[in-house]
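Here's the structure we're looking at; comments come further down.
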Amino acid sequence: MNNRVVRNLGRVSALVGFAAALWLVWHDNPRAVLALMRAAGAGLALAGLAHVLPMLANAKDWQTLIAGPGRPGLAGMLRLVWIRESVNSMLPVARIGGEIVSFRLMRRGGMEAPTAAASLVVDMQLTLVSQLMFTLVGMGFLLTHAASGALRLAGELAWGVVALAPVLLLFAIVQHASPFERITRLLNRMTSGQLAALVGRSAQIDESIKEIWRRRGVVIRYLFFWQTLQNLATSLEIWLALCFLGARVSLVEAFVIESLIQAASSAAFFVPGGLGVQEGAFVLIGGALGIGPQTSLALAGARRIRDLLIFVPGLIAWQVAESSAGAPAADASPPAPVRDAENP
């Protein structure tokens with residue numbers, strides 16, 4: 001998939017998603033939705049700014065994957081997380097452009113290319129594992145509270161998969177989580193050869209990734225402490241926004257909403273900002289928890305306020321970082337895309 005296809009698909013999906021979001025709001029009494037948001041007022045801005053907390057947790061867990069000289073401090077990692085999320089959330093880059101931008105900035109900061117790329121790849125791998133676990137937790141909660149016996153059984157099975165996840169993870173760690181080079185080649189294809197162009201031979205990344213996974217304590221803390229903290233902090237955003245919108249939900253219910261919204265957004269990775277997808281997911285998940293459609297759409301609007309407050313400045317910070325970096329470090333700017341040697 002080349003860059004032009006990704007950009008065009010992103011633009012089309014953004015237009016379709018925007019139209020779907022407008023239709024949802026129009027269909028569910030837009031005046032009521034806007035009235036709820038006006039009544040919440042600055043509280044929605046406060047809920048949006050609370051996104052700094054999960055970004056801090058993400059900065060710390062990503063930092064733990066990096067060893068050796070050139071590792072940024074927590075403030076530097078927070079800036080990388082901020083820019084990466086902003087690019088992935090606001091631009092038609094199929095949620096991979098933020099990783100490329102982060103890599104460039106890390107290289108310009110003096111980090112070795114294989115180390116930077118490996119930290120990004122493992123961060124993506126562990127985030128996917130974590131997201132799967134938390135999605136299953138959310139599904140399990142919804143289904144076990146359903147009226148249907150079959151749905152309750154499905155919920156119990158989902159909880160069983162979550163309980164088995166640590167065992168499966170430990171088995172993967174013992175086996176050194178092989179094969180890594182295939183994952184590198186897959187990411188290389190997704191980025192039209194740019195990952196290989198930025199770093200060089202995928203075998204170098206492969207070895208660096210193995211080194212990270214051999215640090216088993218770091219991997220376990222990443223998944224079961226830092227990622228849990230990050231998900232709880234993101235759930236706090238939902239809980240705060242719902243409180244200001246006048247809906248009384250528990251932090252557990254907010255956690256369920258956030259875990260399933262993240263799953264929906266990840267599934268629609270080609271839609272910039274999850275336009276339309278997030279709004280529909282908020283209505284469906286909120287309805288399952290007894291939250292009215294107007295409140296659910298107002299909650300989706302609160303998420304868009306967060307995007308404006310956090311991610312638009314993040315795009316500006318990216319441009320400032322690119323322009324102030326001066327002459328790029330070696331390998332910081334990708335040359336013409338190259339193909340993986342094993343995939344001519």
Side-chain angles (χ1 to χ4, degrees), residues 51-88 96-130 173 176-177 180-181 183-184 187 191 194-231 233 310 314 317-318 320-334:
H51 189 65
V52 173
L53 298 176
M55 286 200 306
L56 271 170
N58 188 196
K60 184 59 182 178
D61 61 28
W62 185 10
Q63 185 190 45
T64 64
L65 301 179
I66 303 170
R71 184 174 83 166
L74 185 58
M77 294 302 301
L78 179 61
R79 186 184 70 137
L80 288 170
V81 167
W82 181 30
I83 292 174
R84 180 175 68 172
E85 283 194 31
S86 300
V87 172
N88 283 341
I96 194 68
E99 276 64 32
I100 298 297
V101 169
S102 298
F103 178 84
R104 287 167 57 89
L105 295 176
M106 292 165 85
R107 288 291 295 122
R108 288 179 173 178
M111 190 179 300
E112 293 292 330
T115 301
S119 75
L120 282 162
V121 172
V122 176
D123 183 62
M124 292 171 64
Q125 291 172 332
L126 292 175
T127 297
L128 287 172
V129 172
S130 170
I173 291 174
H176 302 301
F180 294 110
E181 200 162 348
I183 296 170
T184 302
L187 290 172
T191 58
Q194 291 189 49
L195 186 60
L198 287 167
V199 182
R201 297 171 61 91
S202 60
Q204 293 178 291
I205 313 172
D206 188 53
E207 186 56 38
S208 297
I209 292 171
K210 287 180 179 179
E211 288 178 7
I212 295 176
W213 276 86
R214 289 186 188 113
R215 298 162 60 202
R216 298 169 190 175
V218 168
V219 171
I220 291 172
R221 283 192 297 273
Y222 180 108
L223 276 176
F224 298 107
F225 180 75
W226 292 113
Q227 278 289 300
T228 300
L229 188 62
Q230 183 179 337
N231 279 276
I310 301 290
W318 166 40
V320 170
E322 291 281 3
S323 62
S324 65
D331 298 328
S333 280

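Given the structure is predicted, the values throughout are model-derived calculations rather than measurements.
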Write down the atom of [X], the atom of [Y], and the distance for their closest heavy-atom approach.
X    : Y    : result
A118 : S208 : CB-CB, 3.4 Å
A321 : L105 : CB-CD2, 3.9 Å
S119 : W62  : OG-NE1, 3.2 Å

Rounded distance (nearest 0.5 Å) linking atom [atom1] of [X] with atom [atom2] of [Y]:
X    : Y    : atom1 : atom2 : result
L65  : E211 : CG    : CD    : 13.0 Å
I220 : W226 : CD1   : CH2   : 16.0 Å
R84  : D123 : CZ    : CG    : 4.5 Å
T127 : L223 : OG1   : CG    : 8.5 Å

Intermediate values then yes/no, side-chain contact (heavy atoms from CB on, under 4.5 Å), V121 and E99: CA-CA 9 Å; V121 172; E99 276 64 32; over 6 Å; no
Beyond-backbone contact of F103 with R107, side-chain heavy atoms, under 4.5 angstrom: yes
Min side-chain heavy-atom separation D61-F225 under 4.5 Å: no
Distance-only check: which donor-acceptor pairs under 3.5 Å involve side-chain atoms of residues 66-83, not counting sequence neighbours?
from : atom 1 : to   : atom 2 : distance (Å)
R71  : NH1    : Q63  : O      : 3.3
R71  : NH1    : I66  : O      : 3.2
W82  : NE1    : I310 : O      : 2.7

Donor + acceptor pair across side chains of E322, W318 (<3.5 Å): yes
Q227 backbone acceptor or donor facing N231 side chain under 3.5 Å: yes
Any donor-acceptor N/O pair, N88 side chain to G98 backbone, under 3.5 Å: yes
